Amino acid sequence: MSEPERYARELQVAETAALRAGEKILDFYSRQSAEVHEKADGSLVTDADLAADHIIRETLQMAFPSDPLLTEEGADDSQRLQSERCWIVDPIDGTNQFIERTGDFEVLIALIVGSRPVVSVVYQPTENLLISAVAGGGAMIQKDGERRPLRFAAVSGATPSRVVTSTWLGAPANLPLLDRMVSLIQPAELATSNLGITVRRFVPEQQVADVLIGVHVGGNAIYAWEWDFAAPDLIVSEAGGATTDLFGRLHQYNKPLPRNRDGIVMSVDRVTHQQVLKSLEQVLSDFGVAPTPA
């Protein structure tokens, strides 16, 4: 049995969970009725986050009662460390954008087997945009019921590679490092935004980047939870791109401390990805950025 066949039910259930959660999120969003709360770490959560988390948990656990879950809005279950399978969920990735009513937020769901994602779903409720992938089966995109394969457009040799970082990904402190890196890639240009990681930046109809990069200068800060990376990681790979840390290593998931070190490089195609990694290799040490020991 192929991987896509093996995980067909998991994909269907994950998509259903994302769509159900998205419907509830839109209800809060349209009525502007979600109360905002401050968590212990100072970050914000809304009633919409919590309601979406409940729907996703209920949907996944009804279908797969033996599978543990790791979600942003739930208590960590240590039993996940003894399980080969684990669902990793962010019920609203972009809570601040939800609160600010920019529309730029997503539901993220991924199934991890071993230490890598095998099923991923990203759902953007305000655009009714569903993106999903199964390991070895490619990526799919669905907009208003129309479903088709998703393949990113590779960088053309005549067009500058658009390298994008953000305040969440280490800007502005990382800009001198990235300026140096970009100078080694010809042609290329660097831009910043105030947004994090989302595969929608790579979708051909709304593409604004060829490379998303996160690097924190002055030490390898732990800055990203696994639920930020897991779903985009697989989708990018299955759509023809690549996702690694700054040193070309695949991110591992369902770790005891579910956070990712050593930054992120996410590219629309593998050739561009290797060019970025090669350029980073020449500049990271000059800025005091070294790989975390395994």
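In this text the structure is predicted, and so the values were computed from the model without any measurement. Both backbone and side-chain heavy atoms feed into the values below; hydrogens, waters and symmetry mates do not.
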Check: Arg80 main-chain N/O paired with Asn254 side-chain donor or acceptor under 3.5 Å
yes
Rounded to the nearest 0.5 Å, how far does CZ of Arg6 lie from CG of Leu11?
15.0 Å
Heavy atoms, side chains only, cut-off 4.5 Å: are Arg180 and Asp286 in contact?
yes
Is there a side-chain contact between Arg200 and Ile131 in this structure, where contact means two heavy atoms from C-beta onward sitting under 4.5 Å apart?
yes
Would you mind reporting whether Asp67 and Leu60 have side-chain heavy atoms less than 4.5 Å apart?
no
Qualifying salt bridge (Lys or Arg N to Asp or Glu O under 4.0 Å) pairs with a residue from residues 150-168, counting only residues at least two apart or across chains:
Arg162-Asp210
Exactly one of Gln142, Glu15, Gln12 clears side chain to side chain donor-acceptor pair (under 3.5 Å) with Ser132, and that residue is Glu15
Measure from the ring center of Phe105 to the ring center of Tyr29 and say whether it is less than 6.0 Å.
yes
Ring-plane angle category for Phe152 and Phe202, please: parallel below 30°, perpendicular beyond 60°, tilted otherwise.
perpendicular
Check: Lys143 side chain, Glu127 main-chain N or O, donor-acceptor pair, under 3.5 Å:
yes
Side-chain contact, heavy-atom cut-off 4.5 Å: Thr167 with Thr192?
no
Looking at residues at least two apart in the chain, or sitting in another chain, which of them share a side chain to side chain donor-acceptor pair (under 3.5 Å) with Thr243?
none
Heavy atoms, side chains only, cut-off 4.5 Å: are Phe247 and Leu277 in contact?
no
Test item: Ile99 and Thr46 side chains (from C-beta on) under 4.5 Å apart, heavy atoms
yes
